[in-house]
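Keep in mind that what you see is a predicted model, and the values were worked out from it rather than measured. Below, each value reflects all heavy atoms present in this structure, side chains not excepted, and no hydrogens, waters or symmetry copies. The residues of the chain are indexed from 1 along the displayed sequence.
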Amino acid sequence: MKPATSTSTLEIQPSDHAASPEQRSKLMTNPRFGQVFSDHMVVIPYKEGQGWGKGVLKAYGPIEMSPASSVLHYGQAIFEGFKAYKQKDGSIAAFRPEANARRFATSAARLAMPELPEARFLEAARALITQDHAWVPGAVGESLYMRPLMIATEPALGVHASSEYLFLLMACPSGAYFSGGVKPVTVWISEEYVRAAPGGTGFAKCAGNYAASLVAQSQAKDQGCDQVVWLDAIHREYVEEMGGMNIFFVYQEKGETVVVTPELTGSLLPGITRDSLLQLAREMGYKAEERKISVAEWKAAVAEGRMTEVFACGTAAVITPVGQVKSRRGDWLVNKGETGPVAARLRETLLNLQHGLVPDPHGWMKRIVG
């Protein structure tokens, strides 16, 4: 067994059964998203009155908890997702991890959970990426996906905010999010179910939001669709998100390309990829707007030729074009069911930036190794 080392807040306990280079190479060959995990994970405990304790980086594996743990009964669970990328010089850098740390804290506050200090979040990320750097794939579009998680662990059945929590960070090599690769998807507009409502937890990245989405996603699959599109909870008219991703619409108006995404109302997740694309779009000469878009406008604008592309974005999928829309109001194609030039250009620009192939004027990439 390799000797343990430590920092001021994190003990490093290297695994004594890490994958061999041959085993790792086999596991990293076309891995399904979230199915293959690296050798280690980070665990940091919290206890009311004591705060965050010393964490440990140790072998990835099961955790032990009481069946009475609050998370299993009352759903106090939040998570994040960000990526580490191999750079052209062989180093490894993470994309905007501090933004994920801030959003993680926002989610924690909404669910009455303790906020993990940004410095502890980033220290955990740096330690795990450094320890498992061999798990970072090298091709453009591939990455090491990082999954921070916080759960309530107090063994008590009373309905109250837990007094004990566990922060975990795990990692998995990632290729294409959709099994068919990057190609336009077919979406189903859900009018029966909603993802979130004003005053709810829509802006937080909490587990319950995703649990509530699964029945609508199953409905979408029954309709022959890849993803579900969510509408607002009050009017059931305005587009909010696509699955767990933010959505963009591309217009051609008066000789100008306009990229539009639904405005943040409190029921939408403030996506970090969303924010990045808004900035990149403006730098590329497009006009970028945040406003409400109704289903009626979507259908009419496509029919009139004013809306030329639709795509979704998120950490896992990066950019995914929408080729066909199905709904109880009728079906329609977007851009003849093909990937449009704006989505393709934005995706290429973002990936090139993430892999260090083009300049990074915003300082989004945080060097971790090398």
Centres of the Tyr145 and Phe33 rings: under 6.0 Å?
-> yes
Are side-chain heavy atoms of His73 and Leu157 found at a separation under 4.5 Å?
-> yes
N-O pairing of Arg274 and Glu290 below 4.0 Å = yes
Would you call Tyr60 and Ser38 a side-chain contact if the rule is heavy atoms closer than 4.5 Å?
-> no
Met150 CE to Glu80 CD distance, which is reported to the nearest 0.5 Å | 10.5 Å
Among Val334, Val185, Thr186, whose side chain to side chain contact (heavy atoms under 4.5 Å, CB included) with Gln324 holds?
-> Thr186
Side chains of Leu72 and Met65: does their closest heavy-atom pair fall under 4.5 Å?
-> yes
State the CG-NZ distance between Leu144 and Lys86, to the nearest 0.5 angstrom.
-> 10.5 Å
Report yes if the side chains of Leu231 and Glu237 come closer than 4.5 Å at any heavy-atom pair, otherwise no.
-> no
Quick one: does Val325's side chain get under 4.5 Å of Trp298's, heavy atoms only?
-> yes
Close side-chain approach of Lys366 to Ile129, heavy-atom, < 4.5 Å = no
Salt-bridge contact Asp275-Arg103 (side-chain N to carboxylate O under 4.0 Å) | no
Glu98 CD: over 12 foreign heavy atoms closer than 6.0 Å = yes
Is it the case that Arg291 places NZ or CZ above or below the six-membered ring of Tyr251, under 6.0 angstrom from the centre and within 45 degrees of the axis?
-> yes
Taken to the nearest 0.5 Å, the spacing of Met307 CE from Glu253 CD works out to 9.5 Å
Test Glu154 against Ser163 for side-chain hydrogen bond (donor to acceptor under 3.5 Å, both in side chains), laying out the working first.
-> CA-CA 6 Å; Glu154 180 186 2; Ser163 64; 3.3 Å; yes
Can you find a pair of side-chain heavy atoms, one from Thr153 and one from Ile151, that are under 4.5 Å apart?
-> yes
Would you call Glu191 and Arg329 a salt bridge, using N to O less than 4.0 angstrom?
-> yes
Taking the side chain as every heavy atom from C-beta outward, state whether Phe95 and Thr315 have any pair of such atoms under 4.5 Å apart.
-> no
How about Asn30: does its CG atom have over 12 heavy atoms from other parts shown lying under 6.0 Å from it?
-> no
Lys326 atom NZ, neighbour heavy-atom count above 12 within 6.0 Å | yes
Step-by-step side-chain contact (heavy atoms from CB on, under 4.5 Å) determination, Lys205 to Tyr210 = CA-CA 9 Å; Lys205 203 165 178 67; Tyr210 296 80; 2.9 Å; yes
